[in-house]
Amino acid sequence: MSALNSTPPVEIPDLEEQTMDRAKESFYTATQFQLMWLKFRRHKLAIIGMFVLALFLIAMLFAEFLAPYGSQSRDADYLFGKPQSIHFFDDDGNFRGMFVYSVISQFNIDTMQVDLVEDRSEIRPVNFFAKGEPYKMWGLIKGDLHLFHVEDAFIHLFGTDSLGRDVYSRVIFGTRTSLSIGFIGVIISFILGLAIGGVSGYFGGLIDDIVQRMIEFIRSIPTLPLWMSLAAILPKEWSPLRVYFAVTVLLGFLSWTTLARRVRGKLISMREEDFVFAARIAGSSDARIIWRHMIPAFLSYIIVDLTVSFPAMILGETTLSFIGLGLREPVVSWGVLLQASQNIKAIEQHPWLFFPAIFVVISVLAFSLVGDGMRDAADPYSH
Amino acid sequence: MPGDDQLLLEVKNLKKYFPIRRGAFGTVKKTVKAVDRVSFFIKKGETFGLVGESGSGKTTTGRLILRAMEPTEGEVIYHLEDREPFDLMKLSKKELWEFRRYSQMIFQDPYSSLNPRMTVRDIVAEPLIATKALQKEAVTQRIRETAKKCQVSIEFLRRYPHAFSGGQRQRIGIARALVLNPPFIVCDEPVSALDVSIQAQILNLLNDLQEELDLTYLFIAHDLSVVEHICDRVGVMYLGRLFEMATTRDLFFSPRHPYTEALMSAIPAADPSIIMEPIKLTGEIPSPINPPEGCSFHPRCRYAQPICSQSIPEWKEYSPEHFAACHFAGELELKGAFK
Ligand SMILES: Nc1ncnc2c1ncn2[C@@H]1O[C@H](COP(=O)(O)OP(=O)(O)O)[C@@H](O)[C@H]1O
Ligand code: SF4
Ligand SMILES: [Mg+2]
């Protein structure tokens, strides 16, 4: 290398870059997740979805506080009660804050039936952050503070069911159960997918072949009949809690295949990436290469896949419980609640029993919207 | 062959066959002979050029002689200052790990070769940290020195690669390769992905570093014109095989392989008095999955004889340090780019 010696030494061409403003510098020093957030933020619907999911998360964490009643508390004289109206003005048109009326039974001579009507003689103000029915938060911490409470009467925003239980409170508790099943199921499928897909993709060869055939087999089984037969195996005498764990594990075990495929595909393509060769030549161990280079490069895709697989978990639980093979009372989940609205008559006469379905739809939509935004943000380095 | 004390490494009969699967169930098994029976040597302190069209197996050869991948067969004997000669391919995992500080690589693509999720500092530091070459306290100092040497400004160390253009990224890649002070560097087409205006800067940097640090380079390129200015000796590759190896002077004055002659004729002559008819290579480059029998160049060779499609020509030394693989290398009068 001598012929080029005659050319003068080179100036560093980036001198003006050094004087660039702070904003640019912070972009240049932005981590992967900061760049992803910049991209995600542009999706308005995904942001809304995320906000909705945050609300669900709060409901899940603080169900006892948000629900005015326990999931099994009954108002024996308000069976199949309609959602109560919230009032702000009394009959004279005076503003009285938020309040409800109590409900009384009245015999209707025309229909020969007992009607439940509002007792407009006295208003029952809705108190916020008030003491109400005592509870144990997550079965551990005693408390009696509720977001709202009505003294000397009841408040059933979404009405009551056949036993007089508050549908709103039960939907809130159902949110906890259904989402936690989603979370645990997703974690199980995450661990299985990462481990099995990782082994399959990193080692290849015979192991890979076996795993791939196994995945194809699992994926070729129609889901609903499989769930039904697996759920039918669950002993009837198991406690609801055990059934809860069994259903969760079941859903997790059936949904890892997509993730395993993703992990395998990513590993195989990444083995040939230049920066992986560079790391190997630099003397990095296999463990360091996987941990430092490969996992960060596909973690974002895994998070997307997990987000997108969440609705499947929720719908899986709902379906199983709805057809009576999943969770049972006294565990309350969205699926268990929807069981009560199984026939047309129920929906026609007590449409409020259908409220849990709205929650299922909203949560599934929210997860899909967030998933869409994340999919776009998953690779912040593409142009 | 030069004496052992002059040699940095000797490659003997190196092969890399990639299995590929075809057919609906991956049942049809074939191989790509990416590198096939390649033998050459590199002397201490020189720049050895490896030239060939895209897909001829240069990158694979470069990776193999650093054992970034396992060869199908073959030896790579290193002669390092403080050690007995050893075959890189026989080293244990631990020995290979210790070897890493003697050789590094500069990559063709300055984008895919830098992990976008690591800061420049972490990228440059990786060889130091992975090989545990330095105490923690000394790492920062070494990174700063190396960055300066490679014209990477210290303020850039906290940034991520997405902040930089191709040329600046390549400097970061060079800093990573040099941070361990290795005596040997494989430069895999280090400028071919860069703007022409940046290419000379990077080549100059590599040249200065070589003088300052007494480096030996394996310089991979896809055309002869770059090699002419940079390399002391050159090897020419085609479809996984080495066709010719000689000093740059020898090769450019009197090539012995018809393929080299064809490549030469395509170089725009610096001296207009030498008028060379470009030799048109007829036909497509054959697929490396089904290379032609015998001499793999025969379908495109204008000197081909019946024997060329029947037997593989031997790799032989025709004059001191001038090797070629052609049945007629001793007889043909071929034209070089220089006279
Ligand atoms: N990992 C791989 N698997 C299968 N074939 C490969 C692989 N790497 C390289 N090849 C093939 O080997 C041949 C040589 O490739 P390469 O060494 O990259 O050539 P060059 O660097 O000269 O362009 C090509 O035909 C390429 O397709
Ligand atoms: S061996 Fe025959 S085909 Fe091959 S380069 Fe020589 S003359 Fe041409
Ligand atoms: Mg290449």
Side-chain angles (χ1 to χ4, degrees), chain A residues 1-15 17-18 20 24-36 204-205 208-209 212-213 270-286 288-289 292-300 379-383, chain B residues 47 63 66 68-69 96-98 100-101 103-105 107-109 111-119 123 126-127 129-133 151 153 155-156 158-165 167-168 173 176-177 180 186 198 200-201 203-208 210-211 217 219 228-232:
Chain A
M1 295 196 54
S2 51
L4 287 171
N5 269 356
S6 48
T7 34
V10 195
E11 280 294 303
I12 305 171
D14 300 282
L15 280 173
E17 272 184 38
Q18 293 172 8
M20 117 206 84
K24 255 188 171 165
E25 185 61 30
S26 83
F27 173 70
Y28 290 155
T29 55
T31 61
Q32 165 174 218
F33 283 98
Q34 286 166 341
L35 291 177
M36 282 168 68
D208 186 31
D209 282 343
Q212 288 315 302
R213 294 303 90 73
M270 229 175 303
R271 271 196 317 219
E272 298 293 320
E273 288 272 358
D274 275 353
F275 68 79
V276 170
F277 273 108
R280 199 168 293 145
I281 292 169
S284 298
S285 60
D286 283 354
R288 188 183 153 92
I289 288 174
R292 192 74 219 240
H293 294 276
M294 293 186 162
I295 292 187
F298 65 67
L299 190 66
S300 52
D379 183 6
Y381 304 105
S382 66
H383 300 287
Chain B
T47 301
R63 286 173 176 173
L66 299 185
M69 52 168 57
L96 181 62
W97 179 72
E98 283 163 358
R100 291 301 178 201
R101 65 180 71 175
S103 68
Q104 285 295 312
M105 186 155 180
F107 292 80
Q108 173 175 6
D109 184 343
Y111 289 86
S112 66
S113 58
L114 304 182
N115 186 340
R117 294 162 188 86
M118 285 165 75
T119 59
I123 289 170
E126 180 150 44
I129 288 164
T131 59
K132 303 196 170 73
Q151 300 164 0
S153 144
E155 293 91 78
F156 294 173
R158 35 195 292 274
R159 294 189 186 168
Y160 286 83
H162 66 258
F164 303 104
S165 60
Q168 198 55 256
R176 168 176 63 191
L180 285 167
V186 172
I198 316 279
Q201 296 177 13
L203 289 175
N204 275 315
L205 175 63
L206 288 172
N207 185 46
D208 295 346
Q210 182 172 40
E211 289 193 353
Y217 285 151
F219 191 95
E228 175 189 342
H229 302 291
I230 290 173
C231 299
D232 301 302

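Numbers restart at 1 for each chain; the letters A, B, ... are given by sequence-line order, proteins then strands.
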[options]: which one forms the most heavy-atom pairs within less than 4.5 Å of chain A?
{"options": "B/Gly167, B/Ala177, B/Pro127", "answer": "B/Pro127"}
{"options": "B/Arg100, B/Met69, B/Arg101", "answer": "B/Arg100"}
{"options": "B/Met105, B/Met118, B/Arg63", "answer": "B/Arg63"}

Test your reading of the model: is there a side-chain donor-acceptor pair from [X] to the backbone of [Y], 3.5 Å cut-off?
{"X": "B/Tyr217", "Y": "B/Leu206", "value": "yes"}
{"X": "B/Arg117", "Y": "B/Tyr160", "value": "no"}
{"X": "B/Asn207", "Y": "B/Leu203", "value": "no"}
{"X": "A/Gln32", "Y": "A/Pro380", "value": "no"}

Side chain from CB out, backbone as N, CA, C, O: work out which of these in [X] comes under 4.5 Å of a heavy atom of chain A, or both, or neither.
{"X": "B/Ile123", "result": "neither"}
{"X": "B/Leu66", "result": "side chain"}
{"X": "B/Thr119", "result": "neither"}

Note, B/Gln151 side chain near B/Gln201 side chain (heavy atom, < 4.5 Å)
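Heavy-atom side-chain distance check fails, nothing below 4.5 Å.
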B/Glu126 versus A/His293: any side-chain heavy-atom pair under 4.5 Å?
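Side-chain contact under 4.5 Å: yes.
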Heavy-atom cut-off 4.5 Å, strictly under: side chain, backbone, both or neither for A/Arg288 against chain B?
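When you check distances to chain B, only side chain atoms of A/Arg288 fall under 4.5 Å.
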Part of A/Phe27 lying under 4.5 Å from any heavy atom of chain B:
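It is both, since atoms from each part get that close.
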Closest heavy-atom contact between B/Phe107 and B/Ser113?
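Heavy atoms of B/Phe107 and B/Ser113 come nearest at CB-CB, 3.5 Å.
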Please determine, among A/Ser284, A/Pro296, A/Ala282, the option with the most heavy-atom pairs under 4.5 Å with chain B.
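Answer, by heavy-atom pair count under 4.5 Å with chain B: A/Ala282.
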